[in-house]
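First comes the structure, then the notes that go with it.
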Amino acid sequence: MSEIMKAVVITEVNKVEVKEVVKPGIERDKVLMKVHACALCTFEQRMFTGDSHMPLPIIGGHELVGEIAEVGDRVNEKEFPVGKKIAARLIHSCGKCYFCRRGEENLCTEINSQGTKYETTDGSGRILSIGGLSQYVLIDPSQIYDIDQDLADTQACFAEPLACVLNSIERGRIELGDDVVVIGGGIMGMLHVMAAKLSGARVIMSEPDEVRRKIAEELGCDITFSPMEKDPVKFVQSLTDGRGAEVVFNTTPIAAVAAQAIQMVAPMGRVVMYSSQHPDKPIEVSPNWLHNTEAVITGAVSPSVRSFNRSVNLLTKKLIDPSKLMSGEFGMDEAQAAFEAASRPDTFRCIIKF
Ligand SMILES: [Zn+2]
Ligand SMILES: [Zn+2]
C-alpha cells in the first residue's frame, strides 16, 4: 500500500492546485527529503503565467529547504542523519558528460533530463515533477548541502538563488576597489549587490523604481540612480573618469539594456549577462571595440557545485542575510495566492511552507 503526499501543481495557466500523489518510496542509494519550504523562482512564475515551454500540469520548485526523512540502506546514516536540516541542489548533473568532467556541471548536457512522474490519487494520471513543491522529494546524497541547523527556512531557501548569483560573481572576477554596476533591482540584482559588496567593490545600481533603489542602499549599495532620469552609460562614465566600470552585471531581460551594459564597461572589464532575455533580440557589438579594449562579454547560468557550496557557507556564517528579500510566506493551501503574489512586480521572493 503506497503512502500519499501532497504536491502543489500548476494545472493550467494561472491556476495552481494542491493534489494528492503517491509519495516516493526510498531507494537504496537515495535520501528522502521532507520539504519545509520552497520559494517560487522566475522559472515557476513563467510556467504559472504561461510564458514557458513546459507542458502543464507540472510540479516545479527548485529553491527548497527541508530535512532528511529517510535514507536508503547504502547511504551512510552518520553522514546523513534523519532529522538533519539540509539544502538541495536539484539541478541534474550527470557526472559523466564533457562539461561535468571539466567541473562545469551547471552546463551538463543532461540538465533537462531530470524529473519524476508522480501518480495522482484522483485518477487524473501521472504528473511530471521537476522540483520540490511537494511534501517529500527523493534525492541523491550528492545533491545535499549542509546548512546551519538554526537558520530560518525563510533564509535557507535562498541557497539556490544565491548560488546562481555567486556563479555570476565568479564570472565577473571582481577585484578590491573595482566599480561594479548592477543593472536591475529585482531579487537577483539585490543578491548581486550584497555579493559584490562582500567582494570589496564600489557598487552602483541602475533601477527605475525608487523603493527598490532604497532597498539596494539599505543592503549596502554605494550609488543608485534611475535610468529614466540619467543616461546610464554617461553617468557610469562620469563616476569612473570616463573609463566605465570594471564589471557590469545585467540582471534584466531587456535587449536595449544589454547593449547599454556593454557600453558602460571599462577596457579589460567584464560584462555578465545574468538574466535570460525575453524576447531574445540580438544586439550589435563592434569586433574592433573588443579588439581594442580586451573587454569580456559573458553570461552566467545555473549554480555550479562550487557556487552552491559557497552559498550555503555565506548563509550559514551569516555573511549574507537575505531576509529583506523575503516578501511573503504562504501555507500549502494558499498556493494560488503565493503564485499570484510571486508573479507581481513589487515582490521579491515568496515561499510556500509544507
Ligand atoms: Zn531559482
Ligand atoms: Zn553532465
Side-chain angles (χ1 to χ4, degrees), residues 8 10 35 37-49 51-52 54 58-66 87-115 129-134 137 139-140 142-143 145 147 153-169 184 186-192 194-195 249 251-253 273-278 299-312 314-315 320 322 325-328 338-339 341-343 347-352:
V8 171
I10 305 172
V35 179
C38 186
L40 305 176
C41 184
T42 324
F43 184 61
E44 280 75 38
Q45 294 163 31
R46 286 205 185 106
M47 290 194 285
F48 177 67
T49 54
D51 300 319
S52 139
M54 301 303 291
I58 199 162
I59 301 165
H62 55 274
E63 300 180 357
L64 70 166
V65 57
R89 178 181 175 274
L90 282 195
I91 289 165
H92 180 68
S93 302
C94 71
K96 53 188 168 44
C97 75
Y98 171 87
F99 296 104
C100 282
R101 290 278 157 92
R102 288 169 63 98
E104 294 151 0
E105 59 295 312
N106 54 320
L107 301 181
C108 175
T109 54
E110 293 182 21
I111 211 153
N112 290 322
S113 69
Q114 78 183 58
S129 171
I130 52 165
L133 277 169
S134 53
V137 58
I139 54 178
D140 193 89
S142 67
Q143 296 176 298
Y145 291 75
I147 44 161
D153 291 340
T154 48
Q155 297 201 24
C157 61
F158 278 89
E160 198 275 347
L162 178 59
C164 283
V165 167
L166 295 177
N167 180 48
S168 172
I169 291 286
I187 178 166
M188 293 303 168
M190 298 299 182
L191 291 172
H192 272 88
M194 286 192 273
F249 295 104
T251 73
T252 73
M273 297 299 170
Y274 177 79
S275 175
S276 54
Q277 299 293 299
H278 305 274
V301 64
S302 304
S304 62
V305 165
R306 181 169 52 206
S307 70
F308 209 104
N309 192 52
R310 276 191 182 147
S311 174
V312 291
L314 290 176
L315 291 169
I320 282 195
L325 305 176
M326 181 50 62
S327 298
F339 269 81
S343 306
T347 55
F348 291 112
R349 269 297 180 271
C350 294
I351 60 166
I352 295 177

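As the structure lists them, so they are numbered: ligands from 1, and atoms in each ligand from 1.
- Not a single N, O or S atom of Cys164, from either the backbone or the side chain, sits less than 2.8 Å from the Zn ion (ligand 1).
- Residues passing the ring-ring contact (aromatic ring centres under 6.0 Å, His included) test with Phe249 are His192, sequence neighbours excluded.
- Contact detail for Cys94 and Cys100: the closest heavy-atom pair is N-SG, 3.6 Å.
- Protein atoms of type N, O or S found under 2.8 Å from the Zn ion (ligand 2) total 4.
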side-chain hydrogen bond (donor to acceptor under 3.5 Å, both in side chains) between Gln143 and His92, intermediate numbers included:
CA-CA 9 Å; Gln143 296 176 298; His92 180 68; 5.7 Å; no

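- Residues satisfying the ring-ring contact (aromatic ring centres under 6.0 Å, His included) criterion with Phe43, sequence neighbours excluded, are absent altogether.
- Nearest approach of Cys97 to Thr109, heavy atoms of both residues: CB-OG1, 3.3 Å.
- The N, O or S atom of Glu63 with the smallest distance to the Zn ion (ligand 1) is OE2.
- Contact between Val301 and Asn167 at its shortest, heavy atoms only, is O-ND2, 3.5 Å.
- Legend: residues meeting side chain to side chain contact (heavy atoms under 4.5 Å, CB included) with Ser52, ordered by chain and number and at least two apart, are Arg46, Met47, Met54.
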